[in-house]
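Written below as structure tokens is the structure these notes are about.
Not measured: the values here are computed from a predicted model.
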Amino acid sequence: VNPYINDVYYMYWDAFQVLQKFPQIYRRSHVEEFNDLLLYLLQKNRSQFQVLAKGISEVRAKERNKRVDSQYVDNFLDSFLKDALIRRLLVANHLAHTEADMHTDGQWQGIFRLDCLPAQSLQDTIATVKDMCVAEFGAAPKFEISGDVDT
């Protein structure tokens, strides 16, 4: 097991352990505590992409020696990055939702803010990931957002 990829796994595992122990939310003060916890976990795990990049770099080096299947690595990366982006998007949406004073402004559909632009959130995250890749590897993969990016 690659130690960097293992570190990323434990970042998620530790976050899961902390979140599952959070008590049931009954009052607004609980929501605020939960939001603080989410912000803390986001901050604590913000290096996940950099750590993963180091692990993938090592795996790619082994791949060149034909010990690792490149399609397997590509599938793993695609799955991990999609899942990570979705988690960040959901957390960002939750935080925006609760910051709007529990949707008193009529801009909400369930837990989703109607004026939230998911494509913008994705573009912000993509920019961060590209910067990290360029800093670590000198290049970054191409990202493409398909569909209606204005809604």
Side-chain angles (χ1 to χ4, degrees), residues 2 4-60 70-151:
N2 180 279
Y4 296 111
I5 294 173
N6 199 48
D7 286 349
V8 172
Y9 169 81
Y10 280 106
M11 284 181 195
Y12 279 101
W13 179 253
D14 291 343
F16 171 75
Q17 292 296 318
V18 168
L19 288 170
Q20 82 165 1
K21 292 176 184 172
F22 195 86
Q24 190 167 358
I25 295 174
Y26 291 106
R27 293 188 294 276
R28 174 71 178 174
S29 62
H30 296 155
V31 173
E32 291 167 1
E33 289 172 27
F34 184 69
N35 287 355
D36 289 344
L37 177 60
L38 287 175
L39 287 169
Y40 166 76
L41 291 172
L42 281 176
Q43 199 62 12
K44 179 182 174 198
N45 294 329
R46 64 185 278 174
S47 67
Q48 69 178 338
F49 292 110
Q50 291 168 313
V51 175
L52 180 66
K54 288 179 183 178
I56 294 302
S57 177
E58 287 186 359
V59 170
R60 291 276 189 217
S70 63
Q71 187 61 45
Y72 177 80
V73 173
D74 290 344
N75 290 342
F76 170 79
L77 276 177
D78 286 348
S79 176
F80 177 84
L81 291 174
K82 284 177 192 174
D83 291 347
L85 291 172
I86 289 168
R87 278 188 295 277
R88 282 179 169 259
L89 181 62
L90 288 173
V91 168
N93 186 276
H94 168 78
L95 293 171
H97 169 86
T98 55
E99 287 173 12
D101 197 27
M102 299 305 283
H103 53 105
T104 59
D105 61 4
Q107 293 298 314
W108 297 91
Q109 178 76 32
I111 64 164
F112 293 96
R113 187 167 174 103
L114 297 176
D115 61 354
C116 176
L117 297 174
Q120 183 60 50
S121 295
L122 286 172
Q123 288 169 343
D124 293 344
T125 302
I126 287 168
T128 300
V129 170
K130 280 186 173 185
D131 289 345
M132 286 189 254
C133 288
V134 168
E136 185 70 27
F137 303 111
K142 180 182 176 198
F143 289 88
E144 180 180 325
I145 300 173
S146 60
D148 186 356
V149 296
D150 295 326
T151 61

Within the structure provided, determine whether [X] and [Y] are in side-chain contact (heavy-atom separation under 4.5 Å).
| X | Y | result |
| --- | --- | --- |
| Leu41 | Leu37 | yes |
| Tyr40 | Val18 | no |
| Phe49 | Asp131 | no |

ask   = Quick one: ring pair (Phe, Tyr, Trp, His ring centres under 6.0 Å) partners of Phe22, sequence neighbours excluded?
value = Phe34

Could you grab the distance from atom [atom1] of [X] to atom [atom2] of [Y], nearest 0.5 Å is fine?
| X | Y | atom1 | atom2 | value |
| --- | --- | --- | --- | --- |
| Lys130 | Gln123 | NZ | CD | 10.0 Å |
| Gln17 | Tyr10 | CD | OH | 11.0 Å |
| Ile126 | Ile145 | CD1 | CD1 | 4.0 Å |

Taking every non-hydrogen atom, the tightest pair across [X] and [Y]:
| X | Y | answer |
| --- | --- | --- |
| Ser57 | Phe137 | CB-CE2, 3.3 Å |
| Asn2 | Ile5 | OD1-N, 3.1 Å |
| Leu38 | His94 | CD1-CD2, 3.5 Å |

inquiry  = Under the criterion side-chain contact (heavy atoms from CB on, under 4.5 Å), I'd like the reasoning laid out for Lys54 against Asp7: C-alpha separation, chi angles, the key distance, then a yes or no.
reply    = CA-CA 11 Å; Lys54 288 179 183 178; Asp7 286 349; over 6 Å; no

task = Would you check, one step at a time, whether the test side-chain contact (heavy atoms from CB on, under 4.5 Å) holds for Glu33 with Ile25?
result = CA-CA 9 Å; Glu33 289 172 27; Ile25 295 174; over 6 Å; no

inquiry  = Using ring centroids (six-membered ring only for Trp), state whether Phe16 and Trp13 fall under 6.0 Å.
reply    = yes

Got a list of side-chain donor-acceptor pairs under 3.5 Å for residues 78-88, not counting sequence neighbours?
unit_1: Arg87; atom_1: NH2; unit_2: Tyr12; atom_2: OH; d: 2.9

message = Just to verify, what does Glu32 make a salt bridge (Lys or Arg N to Asp or Glu O under 4.0 Å) with, not counting sequence neighbours?
response = Arg28

query = Any chance CZ of Phe76 has more than 12 other-residue heavy atoms, nucleotides or ligands included, within less than 6.0 Å?
reply = yes

